[in-house]
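This is the structure I want to talk about, given as structure tokens.
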Amino acid sequence: MAALPMTQSPLAAEFKHYSAWRDQVAVRLSALQNWLTARGLDGDDASLRLTQLQDRLDQDTLNVAFVAEFSRGKSELINAIFFADYRQRVLPSSAGRTTMCPTELSYDPSCPPSLRLLPIQTKAQRGTVADFKRDPSAWSEIPLVLDAVDDMKAALQHLADVIRVSGEEAREYGLINPQDEETARVLAHDGSIEIPRWRHALINFPHPLLERGLVILDTPGLNAIGTEPELTLSLLPNAHAVLFLLAADTGVTRSDIEVWRKYLAPVQGASRGRLVVMNKIDGLWDDLKTADDIAAEIDRQVATSAELLGLPATQVYPVSAQKALVAKIRNDPALLERSRLPELEAALSRELIPGKQDLVRESTLGAVEDVVVQTTELLEARLAAIQDQIDELVHLRGKNRDVIGQMMAKANEDQQQFERGLAQFTAMRRLFAGQVAIVRADIGMETLRSQVHVTRAGMEKSLFTHGLREAMREFFRRLEHNLGHADEKIEEIHAMLGAMYRKFSEEHGLAAVNPPAHTLARYRKEMARLERIFNERFNTVFKLLTLEQHRLTAQFFETLAARVIDVFEVANRETEAWFKALIAPMETQVREHQAQLKRRVESVSRIHAATETLDERIGELEAAAQTVTDQLDELARLHGQIVAALSDVAANPPALARRA
Ligand SMILES: Nc1nc2c(ncn2[C@@H]2O[C@H](COP(=O)(O)OP(=O)(O)OP(=O)(O)O)[C@@H](O)[C@H]2O)c(=O)[nH]1
Ligand SMILES: [Mg+2]
């Protein structure tokens with residue numbers, strides 16, 4: 001199944017542009033990092049920040065998810081948008097329920113192409129899909145031989161695998177929804193039920209867009225037999241674009257609305273990158289009608305669907321995935337246009353790429369700015385100190401030894417005064433460490449894990465929904481309390497350091513620095529969102545819990561806790577980076593200032609010993625000042641290059657032009 005040359009769809013073109021942009025930014029970042037290293041200017045903080053940035057660019061992915069009730073054509077649409085060059089259906093697509101488990105398509109060139117499947121039985125074990133991703137032995141792996149077409153199709157057919165199990169077993173996996181009538185009917189028949197054979201699938205596929213960091217998530221339709229809470233909690237919120245599909249032949253059904261409400265509504269906050277697709281418009285094509293009549297009929301359906309979902313009609317894209325796939329395979333531009341897929345592809349790249357580019361740009365700019373400002377301040381302080389010495393020495397020309405003796409006394413005095421200031425700095429540093437420890441206790445992973453533990457135990461004990469909900473409410477209440485407390489401390493630390501910086505700048509002439517601010521607001525918002533999802537999901541008021549309800553809730557909590565842990569890990573990482581960014585410039589300046597004072601005492605005493613070396617010494621200092629001035633220029637130039645690469649104006653990208 002060798003790929004033919006990529007059809008230049010707007011999405012492919014924009015994606016190519018985006019990844020070229022990202023590569024260019026990475027090149028410029030390395031230039032800065034190498035330059036800093038070569039000149040010994042890469043303090044701990046700077047090199048850490050730049051390395052983190054490079055890692056983030058390396059691992060940068062763009063995630064697109066497809067969500068809908070079964071049989072709306074998700075898999076077909078993925079085939080049409082991304083895999084038409086393979087001249088056939090890559091993902092299985094057929095009438096009825098086809099895709100049985102969430103399927104992620106991506107490409108890691110360090111592993112051979114493969115399909116990896118996580119057995120449904122893992123649901124009876126503790127651990128989320130994310131946990132199992134770290135355990136390769138839990139997965140069944142089928143190699144994908146791209147040239148052996150039939151083998152490859154057969155392998156991917158496993159995405160549709162089901163097994164028949166007893167009601168008991170399905171219950172053990174938490175797959176039975178006691179409220180679902182259909183399940184009850186199926187079970188009543190002979191006590192057994194068909195369930196997905198796999199819990200999750202990972203496809204490693206060398207596709208040009210996947211190679212550049214695209215990750216596609218295909219999901220199974222809402223089935224009565226339960227889905228992973230991970231979808232709502234992390235996979236969908238982490239997607240940069242989510243496509244929600246309707247079908248023209250079914251209209252908006254009750255279960256479509258349920259999927260929308262369950263999967264799309266909770267992540268509505270980030271309304272960017274949410275597209276609604278009305279698929280199968282070819283069902284409305286009718287040779288006995290005029291093109292205008294058909295278009296009007298499509299418009300009417302679009303308007304009705306938009307209204308039912310409470311969206312503007314412009315956010316609903318009518319397409320025919322199937323005809324688009326056929327058109328691309330047969331190279332039939334008229335049919336492709338009629339399928340209206342190109343409009344959806346354009347909208348998708350418009351939603352997806354500029355938004356992602358903005359995110360990457362913002363975070364990169366911020367971090368680079370910090371590093372550049374820090375280094376500039378260091379160099380400027382160095383330059384000012386050299387200049388002071390030059391002025392002092394120039395002033396000494398022709399003065400007698402007495403005056404030079406007074407100079408020496410003054411230099412010594414300054415040095416001593418600064419040493420006394422240092423004692424204050426050390427005391428402040430101790431205070432700072434104390435405050436940091438409080439924040440770490442509030443939001444540290446150990447505190448969190450023990451809260452998870454307490455909540456888990458509380459949930460296991462309770463037999464009634466009331467108790468479960470109480471345990472969860474307490475969990476969120478504690479998290480919010482700790483985050484809020486940490487936020488207050490963070491503000492105090494910020495104010496304390498600000499005062500210290502001002503004091504040092506006034507008393508010892510150090511550069512005035514405005515320490516960067518930090519807040520945990522983002523993480524508190526995410527906790528509130530998770531709590532809302534929990535409340536929405538468990539607001540039913542059954543009193544005594546059945547075994548499977550209990551199991552479902554416990555499973556849900558495990559996923560939720562995993563997500564909370566992820567969020568806290570990021571919060572901790574960022575807070576630690578902030579602590580460093582806060583204290584590092586101060587430490588650097590203090591160290592630098594101390595060295596300068598020492599050099600000054602040395603130089604004055606040398607002159608005191610031999611007044612005739614004065615001119616020579618001034619010459620040395622002037623050369624040193626020139627070197628620092630050159631370094632400042634070079635740093636500004638490197639910074640300018642990064643900013644230019646980030647702004648992406650040179651390439652005049654279609655993405656930015658269109659947005660204007
Ligand atoms: N007429 C028509 N049929 C389509 C179109 N897109 C998909 N189909 C058909 O609809 C059926 C379901 O398509 P799938 O791609 O399997 O749908 P899905 O949303 O992935 O469904 P699940 O995997 O079961 O959740 C298949 O028989 C497709 O051939 C379309 O644009 N027009
Ligand atoms: Mg499917």
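Just follow the structure's listing: the first ligand is 1, and inside any ligand the first atom is 1.
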- Task: May I ask you to check if ligand 1 and Arg97 share an N or O to N or O distance below 3.5 Å?
- Result: no
- Query: Strictly under 2.8 Å, is any N, O or S atom of Thr99 next to the Mg ion (ligand 2)?
  - Reply: yes
- Task: Give the residue, atom name and distance (to 0.1 Å) of the protein heavy atom nearest atom 13 (O) of ligand 1.
- Result: Ser93 OG, 3.4 Å
- Query: Can the ring centres of Phe557 and Phe534 be said to be less than 6.0 Å apart?
  - Reply: no
- Evaluate whether atom CD of Gln125 has more than 12 neighbouring non-hydrogen atoms of other residues, nucleotides or ligands under 6.0 angstrom away. yes
- Message: If the test is side chain to side chain contact (heavy atoms under 4.5 Å, CB included), which one of Ile142, Leu159, Val90, Leu210 qualifies with Ile203?
- Response: Leu159
- Message: Looking at Glu337, I'd like to know if its CD atom is crowded, meaning that more than 12 non-hydrogen atoms belonging to other residues, nucleotides or ligands lie closer than 6.0 Å.
- Response: no
- Quick one: does ligand 1 sit under 4.0 Å from the side chain of Asp282, the backbone, both or neither, non-hydrogen atoms only? side chain
- Which residue and non-hydrogen atom of the protein lie closest to atom 6 (N) of ligand 1, and at what distance in Å? Asn279 ND2, 3.1 Å
- Task: Examine the proximity of ligand 1 to Thr99 and report which part, side chain or backbone, both or neither, has a heavy atom under 4.0 Å away.
- Result: both
- Message: Minimum distance, heavy atoms only, to atom 30 (C) of ligand 1: which one of Arg72, Glu69, Met278, Gln322 is it?
- Response: Gln322
- Task: Report the nearest protein non-hydrogen atom to atom 18 (P) of ligand 1: residue, atom name, distance rounded to 0.1 Å.
- Result: Lys74 N, 3.4 Å
- Message: Is it the case that the side chains of Tyr18 and Glu14 hold a donor-acceptor pair, with the cut-off being a distance below 3.5 Å and no angle test?
- Response: no
- Item | Metal proximity, Ser75 vs the Mg ion (ligand 2), N/O/S cut-off 2.8 Å | yes
- Counting both backbone and side chain atoms, is some N or O of Lys323 under 3.5 Å from an N or O of ligand 1? no
- Message: Distance under 4.0 Å to a non-hydrogen atom of Gly221: what atoms of ligand 1 satisfy this?
- Response: 25 (O)
- Message: Given 3.5 Å as the limit, does a donor-acceptor pair link the side chain of Asp218 with the main chain of Thr103, or not?
- Response: no
- Note on the structure: atom 10 (O) of ligand 1 sits nearest the protein heavy atom Lys280 NZ, 3.0 Å
- Message: Which of the numbered atoms in ligand 1 are under 4.0 angstrom from any heavy atom belonging to Ala95?
- Response: 26 (C), 27 (O)
- Message: Counting non-hydrogen protein atoms only, what is the nearest one to atom 17 (O) of ligand 1? Give residue, atom name and distance.
- Response: Gly73 N, 3.0 Å
- Message: Distance under 4.0 Å to a non-hydrogen atom of Glu76: what atoms of ligand 1 satisfy this?
- Response: 6 (N), 7 (C), 15 (O)
- Query: Of the protein's non-hydrogen atoms, which lies at the shortest distance from atom 26 (C) of ligand 1, and what is that distance?
  - Reply: Ser94 C, 3.5 Å
- Under 4.0 Å to a heavy atom of Ser71 - the qualifying atoms of ligand 1, by number: 11 (C), 12 (C), 17 (O), 18 (P), 19 (O), 21 (O), 22 (P), 24 (O), 25 (O)
- Message: Are the side chains of Ile281 and Ile298 in contact, using a 4.5 Å heavy-atom criterion?
- Response: yes
- Item | Check: Phe205 ring centre within less than 6.0 Å of Tyr86 ring centre | yes
- Item | Trp139/Phe132 aromatic ring centres below 6.0 Å | no
- Message: Does Asp286, at its CG atom, have more than 12 non-hydrogen atoms belonging to other residues, nucleotides or ligands within less than 6.0 Å?
- Response: yes
- Query: Taking both backbone and side-chain atoms of Ile281, is any N or O found less than 3.5 Å from an N or O belonging to ligand 1?
  - Reply: no
- What do you reckon, is CD of Glu211 surrounded by more than 12 foreign heavy atoms closer than 6.0 Å? yes
- Full working for ring-ring contact (aromatic ring centres under 6.0 Å, His included) between His207 and Tyr107: CA-CA 7 Å; His207 176 284; Tyr107 186 54; 9.8 Å; no
- Item | Element-labelled atoms of ligand 1 that are located less than 4.0 Å from some non-hydrogen atom of Gly96 | 24 (O)
- Between the main-chain N or O of Ser94 and the side-chain N or O of Arg89, is there a donor-acceptor pair closer than 3.5 Å? no
- Could you say whether the N/O atoms of Ala321 and ligand 1 ever approach to under 3.5 Å? yes
- Query: Among protein heavy atoms, which sits nearest to atom 24 (O) of ligand 1, and what does the distance come to when rounded to 0.1 Å?
  - Reply: Thr98 N, 2.7 Å
